[in-house]
Protein chains: 2
Amino acid sequence: MLSSEDISFFCVVARSRSLAQAARKMNVTAPAVTQRLRALETRVGVRLLDRSLNGITLTDEGELVLAEGQTIIDAVENLTDQLSDRTNTVRGHLQIVAPYGFGRRHIAPIVDAFSREYHEATVTLHLSDTPTRMVNDNWDIIVHIGELNSPGRLMTTLAPNRRFLVASRDYLKGKPPLRHPHDLADHRCLALRENDEDVTLWRFATAGEEQATIRIAPAMSTNDGEILRDWTLAGLGLAVRSEWDVAAHLASGALVRVLPQWNLPETNIVAFLNTRHNRSKRTSKMLEMLRKGLKPTPWLQAE
Amino acid sequence: MLSSEDISFFCVVARSRSLAQAARKMNVTAPAVTQRLRALETRVGVRLLDRSLNGITLTDEGELVLAEGQTIIDAVENLTDQLSDRTNTVRGHLQIVAPYGFGRRHIAPIVDAFSREYHEATVTLHLSDTPTRMVNDNWDIIVHIGELNSPGRLMTTLAPNRRFLVASRDYLKGKPPLRHPHDLADHRCLALRENDEDVTLWRFATAGEEQATIRIAPAMSTNDGEILRDWTLAGLGLAVRSEWDVAAHLASGALVRVLPQWNLPETNIVAFLNTRHNRSKRTSKMLEMLRKGLKPTPWLQAE
DNA sequence: GAGAGCATTAATTCTGGCCTTATCAATCCA
DNA sequence: TGGATTGATAAGGCCAGAATTAATGCTCTC
């Protein structure tokens, strides 16, 4: 009879591209993986994966074990979690995915605090440039800026997030005045091009319901928010940045808001929850800490 | 994280009436159970069952682990079975339930043969006086004489089985002749009273579609087929027995068929299959051997 | 052809889970 | 009251699984 340890061992190996990689994942040496896998195979009497020097491929039986085994592991994890929850202790492993810049600056400290608060839990913070495209299910929470309806994913808002049109003082000097979004046509606009979205269409609206949609011609564009911000700081043009990103610079006066009465659509900070796992207490606690940690907008808390 | 061995350990304990009984089931000493259970409880951080000197009772969490755990164990078993089946090997544990007399005489040898044929498989033959009332799911095949429609159980016929009206030569000497079922009114009838069935209504039919239903007044009755047969052998009266039971005695002349042209309803040998487990190869093979082993009716094979 | 990376085999070590024995306390029953 | 059963605890031993080290062959790349 197989044991759940055998199964989870195999699942890790099966999801690796080589035995050596699997060994690194599990912090053991390569022979350990070879031996254990071979022992497993002789025990069940059938080859589970074909080894070759350029990657491993699962046999039919391997696919079976991976698929069935994963549901078994999930069931065991759920049971363990349910027990932990009953004791009001926070345990187990939590995997968070977040965008690079935002994650490093705002999520990492919260993960730090979480880890200090709940010693028995372990956390992985995975920073990704495409956080919404996690293909495997090795995640519990994905933090994302901007609402997004992905089918099959549960979304919850963590914090509001406004976006501002900003520029450096240097840039604005001697440039034509900006009184209406239409005036942007005479300016250098810097665009953040990511997720294949239509990023050259900027939508403005005033409190008085007046609207204006401007198709900009980006003078420069990048897919890295920090670079974009740096360009803006360097006075290369106007950019739309979320308040999280530029709060400190607005406070220090390095950047100024442009067209402050014209609002851009909000892109709230949201979290996607993996529906495959039952919600565990550690997930709830982490969401709680995220909401709490993100609550005071940086615009207000900036010194 | 729990392991499947922890879970199956706990499931065994949870289904026992005391830790000591659990220890006996698992062929270990009592302290082993005590401390392993304690270790498990401290690991999950919650008490799973309350011990007392007269029995153990599950806590809420214990119930949870038992219920969820059982499905996990089942899933692991299914996976293991599927792998075994792919290798065309017969492995694992098979649990057969059969009625006492029939099981001892006809099923046990087949189980013996099965065990010789498939060394890697283990078999338990559980003889029960109420085989159809297995309340727990610790069985794979229930052998039963007489068709029976139990909802949720899969039934398959193993062998045909006729029933004969028999008596000993001694008994028949000097008794009124039997030419028609009605004549039974003048005879001592022996009834097998089991399963709360209506056993005093004997239905006869000839090949020519002639029918006769007789309500007998049993002179003696019992719920044990062997006792009934012994009574009949001892010349205490007439009884209805299945051909399996009396084939040897008919062949030796100790018993004779009475009213041979009047047939009694057939009560075939059937097998119920547990639908909770996926059908494994060992189950298929066992059914195969059962059909093969029961094929030549004892009436014909009797020397 | 050197070197890096990967898989495998063999031999050895280790360790932690699990078991046993021994002992004691509590309860039930004859 | 003594015996039987059950459960808890302490102390010590054992062993199978799993790891490590060392060494070899293979393939691909530079």
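Residue numbering restarts at 1 for every chain, and letters A, B, ... go by the order of the sequence lines.
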Check: Between atom CG in A:Asp50 and atom C1' in C:dC6, what is the gap in whole Å?
Finding: 16 Å
Item checked: Residues A:Glu41, A:Arg51; criterion salt bridge (Lys or Arg N to Asp or Glu O under 4.0 Å); working and verdict -> CA-CA 13 Å; A:Glu41 284 179 331; A:Arg51 292 79 141 172; 3.1 Å; yes
Check: Are A:Gln70 and A:Arg15 linked by a side-chain donor-acceptor pair shorter than 3.5 Å?
Finding: yes
Margin query: Any base atoms under 4.0 Å from B:Thr34, or only sugar-phosphate, or nothing? Heavy atoms, all strands.
Written below: base
Next item on the list: Determine: side-chain N/O of A:Thr29 to OP1/OP2 of D:dA19, distance under 4.0 Å, yes or no.
Entry: no
Note to self: Output the rounded distance in Å from CG (B:Asp6) to C1' (C:dG16).
What the structure shows: 14 Å
Checklist line | Atom pair distance, as rounded to whole Å: CZ in A:Arg36 and C1' in D:dA18 | finding: 8 Å
Next item on the list: Could you tell me whether the phosphate oxygens of C:dT8, OP1 or OP2, come under 4.0 Å of any side-chain nitrogen or oxygen in A:Arg38?
Entry: no
Check: What pair of heavy atoms forms the shortest contact from B:Trp139 to B:Asn274, and how long is it?
Finding: O-ND2, 2.8 Å
Check: Rounding to a whole Å, what distance do you find between A:Arg47:CZ and C:dT8:C1'?
Finding: 12 Å
Check: Does the C:dT20 base have a donor-acceptor partner in the side chain of B:Gln35 within less than 3.5 Å?
Finding: yes
Checklist line | Rounded distance (Å) that lies between atom P of C:dC18 and atom CZ of B:Phe9 | finding: 9 Å
Margin query: From CG of B:Leu37 over to P of C:dG17, roughly how many Å is that when rounded to an integer?
Written below: 16 Å
Notebook entry, point to check: To the nearest 0.5 Å, what is the distance between CG (B:Leu79) and CD (A:Glu61)?
Noted result: 11.0 Å
Check: Which listed nucleotide (D:dT21, C:dA7, D:dT6) is nearest to the side chain of A:Pro31?
Finding: D:dT21
Check: Would you say a side-chain N or O of B:Arg24 is under 4.0 Å from OP1 or OP2 of D:dT6?
Finding: yes
Next item on the list: Over all heavy atoms of both residues, which pair between B:Ser280 and B:Asp85 is shortest? Give the atoms and the distance, please.
Entry: CA-OD2, 3.7 Å
Notebook entry, point to check: Looking across every strand, which nucleic acid part, if any, lies under 4.0 Å from A:Ala20 by heavy atom: base, sugar-phosphate, or nothing?
Noted result: sugar-phosphate
Check: When the distance from CZ of B:Arg51 to C1' of C:dA26 is rounded to whole Å, what number comes out?
Finding: 16 Å
Item checked: Protein-nucleotide distance (B:Met26, atom CE; C:dC18, atom P), rounded to Å -> 11 Å
Item checked: Residue closer to the 5' end of DNA chain D, A:Val33 versus B:Arg17 (nearest nucleotide) -> B:Arg17
Notebook entry, point to check: Which nucleotide in the set C:dC6, C:dC19, D:dT20 lies at the smallest distance from any side-chain heavy atom of A:Val28?
Noted result: D:dT20
Notebook entry, point to check: Out of C:dC19, D:dT20, C:dA7, which has the shortest distance to the side chain of A:Ile56?
Noted result: C:dA7
